[in-house]
Amino acid sequence: MSEVLYRKYRPQNFSEIVGQEAITQTLQEALASGRIAHAYLFSGPKGTGKTTTARVLSKVLNCLNLKGKKNDKFPQEPCNKCDHCLEISQGNFLDLIEIDAASNRGIDEIRDLKEKVVYPPSVGKFKIYIIDEVHMLTKEAANALLKTLEEPPTYVIFILCTTEAHKILPTVISRCQRYDFKRASSPQIVKRLEQVLKKENIEFENEALIKIAQSSSGGFRDAEALLSKLLSLSDKEKLTKEVVTRKLGLIESTTIAKIIENLLAGEAKEVILKLRDFEQKGIEITYLIEKMIEYLRVLLLIKAGVEIELLDLIEEDYKHFLTKSSLYETTEITGLLYSLSEILKDTKYAFVSSLPLEMLAIKRSLQKKKDPGNNSSKRELTEKGKSFDKVENKTIETAPKEILAPDHIVQEISVVDDTENVKEEDQRMLEQIILKWQDFLKGVRPHNHSIEALLKASQPKVVKNKTLHLEFFYTFHKERIEDTKSLQIIEKVLSDLLGQTMRIKCLLGIKGKKIEHKGKNAKTIAKTEKIVQNDLLQTATEIFGGAVLES
Ligand SMILES: [Zn+2]
């Protein structure tokens, strides 16, 4: 579904190709004066119209009813009515051969090309080869292509397309007429989307199209794929800014502004709550961090005096950024940019994807508490030459050697002593669970890595009424596990492992409180418990970036 519109409304002549006017005009002028190259190189980012232009060019070269004659000042456009034009549109014109070098690096296709290139076109005037992602050809295939390019038969035309021209043999490039396709600007994409929506008879707000354009990083194909997705979800309702934001799972810039404000102010709890909210809405944390980085970049550029035209922003957004940029020091912005770029890498591979950002928020909150009146510009003067992040780490290292948790999280911990009056069979069951704890974690892993990581930060405490009481040390861990879906997974895995139904109850507890075990398994249990606790301490250390004292 996602590319339907792109195919349905693929431009059929040069004038419909938006955003590449310089290229289409040059091509038309050359065609009008009869200057036809034997090899063209179309390079540029994906979705900017390279293969579309290649197909229109193929039509013009083979059209039976060309609009505008040779040496004519009229633009050279295909008629889109003759057999050749129609066959090219439908993708079954015998003399247009499209090769995707990315699929199997073009080995068979180029061999085939070498054999067949000697035969003249079967129906058309020219035999045209469009080779997409030509930089992906193997060395052998590229050399074979070069041989053909050196002495091309008069009736053969190559159109090579690539997103990475620097990877193509210079000897190949030098034989081509080269055209560099530019990323489209937001207004150009908006113009294109407007064309499509008018043809589809769908009402829209201009701001909605701007949102789509901004999410498509300068590619028409991406923009139209997003539009297709939206239309398939929205059943011909009017396309508003609100619909686009909601349905594409975009984050409003005001929301990004708020979370950045929280981070810079050291408000860890607010950040953590917002992260949970994003996760519930299905927004990926990596996407959030990327958006925060983009946002801070714009702030930085505006502070540096870059003007609206270069920022690809609409007036309203520009005003928003202008106001915000006056609130922060440049060093605060660069410091946070640096930290976010660092954790972006970790977030992609983190067991709990929100963990790196949570850690950053907590670190910043500690930093702020320790040094409330400070701001980063003063810090920079005293720590000249050191990066912002290093300054932060130094502060962490000199903090007391215990689990570093901000006050408001510690305050939420309450002691619940439920280990008294435990039945003997329940005690045995708890021992079983502790002995099988590693198997249990392994069982959870395939269902959900995050749950496994959170369980590592918990401790099996007591079994009562066929319910295992699991102790957590941070509210946000406990609440995550208490989520119905997580609980279902955990209870299922645990019940299967034990061969009987076992429910889970989550509690908040305090680190280091030991439970006595008696009986013949006591030693093994103590050893296993030690492993469980080590996992726990390690996870806590990872979360808060501090050192933990052996208790
Ligand atoms: Zn035609």
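Counting starts at 1 for both ligands and their atoms, following the listed order.
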Electrostatic pair [X]:[Y] at N-O distance under 4.0 angstrom:
| X | Y | answer |
| --- | --- | --- |
| Glu205 | Lys241 | no |
| Glu261 | Lys258 | yes |
| Asp180 | Arg178 | yes |

**Message:** So Lys114 and Lys147, do their side chains get closer than 4.5 Å, heavy atoms only?
**Reply:**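 A side-chain contact under 4.5 Å is absent here.
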**Asked** Does a sphere of radius 6.0 Å around CD in Glu284 hold more than 12 heavy atoms from other residues, nucleotides or ligands, not counting ones at 6.0 Å or beyond?
**Response** no
**Item:** Residue and atom names of protein N/O/S atoms that fall under 2.8 Å from the Zn ion (ligand 1)
**Value:** Cys63 SG, Cys79 SG, Cys82 SG, Cys85 SG
**Message:** Going by side-chain hydrogen bond (donor to acceptor under 3.5 Å, both in side chains), name the residues that satisfy it together with Tyr40, two or more places apart in sequence or in a different chain.
**Reply:** none
